[in-house]
Amino acid sequence: MMIIRYIQPRDIQDLYTLAQKAGFGLTSLQPNIEMLTARIKRACDTVEGKLEKADQGYLFVLEDSELNKVVGVCGIEVALGLKEPWYNFHVSTQVHASQPLNVYKALPTLFLSNDHTNCSELCTLFLDPDYRLNQNGKFLSKVRFLFLAAFRQYFENTIVAEMRGYSDEKGQSPFWNAIGHKFFSIEFAKADYLSGVSQKAFIAELMPRHPIYVDMLPDAARDVIGTVHPNTMPAYNLLLGEGLRYQGYVDIFDGGATLQAAVENLRSLKESHLLTVSIEAVENITLGQEPYIIANDRYQDYRAIMLYSTPDQASIQITKQQAMQLNVKHGEHVRLLSINIQGK
């Protein structure tokens, strides 16, 4: 059975293995034991209430319970940019006009921005390629929305998600080569690593403070502004379905799109609901075609599974095994969200 829970210190080796598989561009999941250990500790300290808002971040893992193996990870940062600046580029417009010369030009520009300061962030989504089946990817990504719905009070009003931008199989980013590389004599992979080990602000502070005219960039760089890596398209489309939108902000390294939404407009807050658990024998449970995420809503021991039981208006049937995985008893409440969006 696949179960989602908070990350624990015992997961460090599995998390390191996932980081090794992630490849270029996933800055928040670098194959560095010290960094990953610190990230796990920060996540545990967040749940235990030991950290200030500026340091808080949640990390969840997808576990194959039969193998006791972590096969996926996802996270939520509580508030960006409260200790060090959070940078991205805003794709805006610079107008050059002269009535005597009958000239009017509206030119797209990139301007260094801190507009997402104090926003919450969806981050660190990665699933082992061997487990990219049976709706596992949707389960891993969307459980964060269910968590937001259950514990809205811990998060800010706006949620953002930096999507991985384009880089080739050799780790070359045309956006970085056209901009960042001009100011730093390092390759994209090295810049990506430094960003992942909390040196993104240092790099950003040396980037140009004046607008960069997009039309002056090479075609290869212009073409990837606001796009996402091919491997990231499923995650990108999934977030669009949940209510996030591209609003003209891109990553300073690879030009990947940043999506954002008001938390109150997310589908999870509108459509997830509480039901009573009914524990039944396997043969008595009515199964359907629609998969659901079901979570126990226990802040200190949050757990979620995916199931195909058909809920009624007040209750949901689960097996004894599923109840054990969720750590719930007959008659307790759980939160439910359809994995798929109606009509899609």
(message) With a 4.0 Å cut-off on N to O distance, would you call Asp215 and Lys105 a salt bridge?
(response) no
(message) Quick check on the hydrophobic clustering: are Val277 and Tyr302 connected, directly or via other members, by side-chain heavy-atom contacts under 4.5 Å?
(response) no
(request) Could you tell me how the ring of Tyr249 sits relative to the ring of His116: parallel (under 30°), tilted (30 to 60°) or perpendicular (over 60°)? (result) tilted
(request) Tell me whether the guanidinium CZ or amine NZ of Arg144 lies under 6.0 angstrom from the six-membered ring centre of Phe151 and within 45° of its axis. (result) no
(request) Return yes when atom NE2 of His210 has more than 12 non-hydrogen atoms of other residues, nucleotides or ligands closer than 6.0 Å, and no otherwise. (result) no
(request) Could you pull out the closest heavy-atom pair between Thr46 and Asp55, with the gap in Å? (result) OG1-O, 4.3 Å
(message) Just checking Asp130: does its CG atom have more than 12 heavy atoms from other residues, nucleotides or ligands closer to it than 6.0 angstrom?
(response) yes
(request) Specify the closest pair of heavy atoms between Glu156 and Asn118, including all atoms of both residues, with the distance to one decimal. (result) CG-O, 3.1 Å
(message) Check Arg42 with Glu77, please: is the shortest side-chain N to carboxylate O separation under 4.0 Å?
(response) yes
(request) Taking the side chain as every heavy atom from C-beta outward, state whether Asn136 and Met306 have any atom pair closer than 4.5 Å. (result) yes
(request) Tell me, yes or no, whether the heavy-atom count around Glu52 atom CD, taken from other residues, nucleotides or ligands under 6.0 Å, exceeds 12. (result) no
(request) Name the orientation class of the two ring planes belonging to Tyr299 and Tyr154 (parallel below 30°, tilted from 30 to 60°, perpendicular beyond 60°). (result) parallel
(request) Can you see which heavy atom on Leu62 is nearest to which on Ile4, and at what distance? (result) CD1-CG1, 3.7 Å
(message) Please check if the number of heavy atoms outside Gln300 that lie under 6.0 Å from its CD is greater than 12.
(response) yes
(request) May I ask you to decide if the ring planes of Tyr6 and Phe147 are parallel, tilted or perpendicular, using 30° and 60° as cut-offs? (result) perpendicular
(message) Tell me the closest heavy-atom pair linking Arg267 and Asn340, and the distance in Å.
(response) NH1-O, 3.8 Å
(request) Taking atom CE of Met324 as the centre, report whether more than 12 heavy atoms of other residues, nucleotides or ligands fall under 6.0 Å from it. (result) no
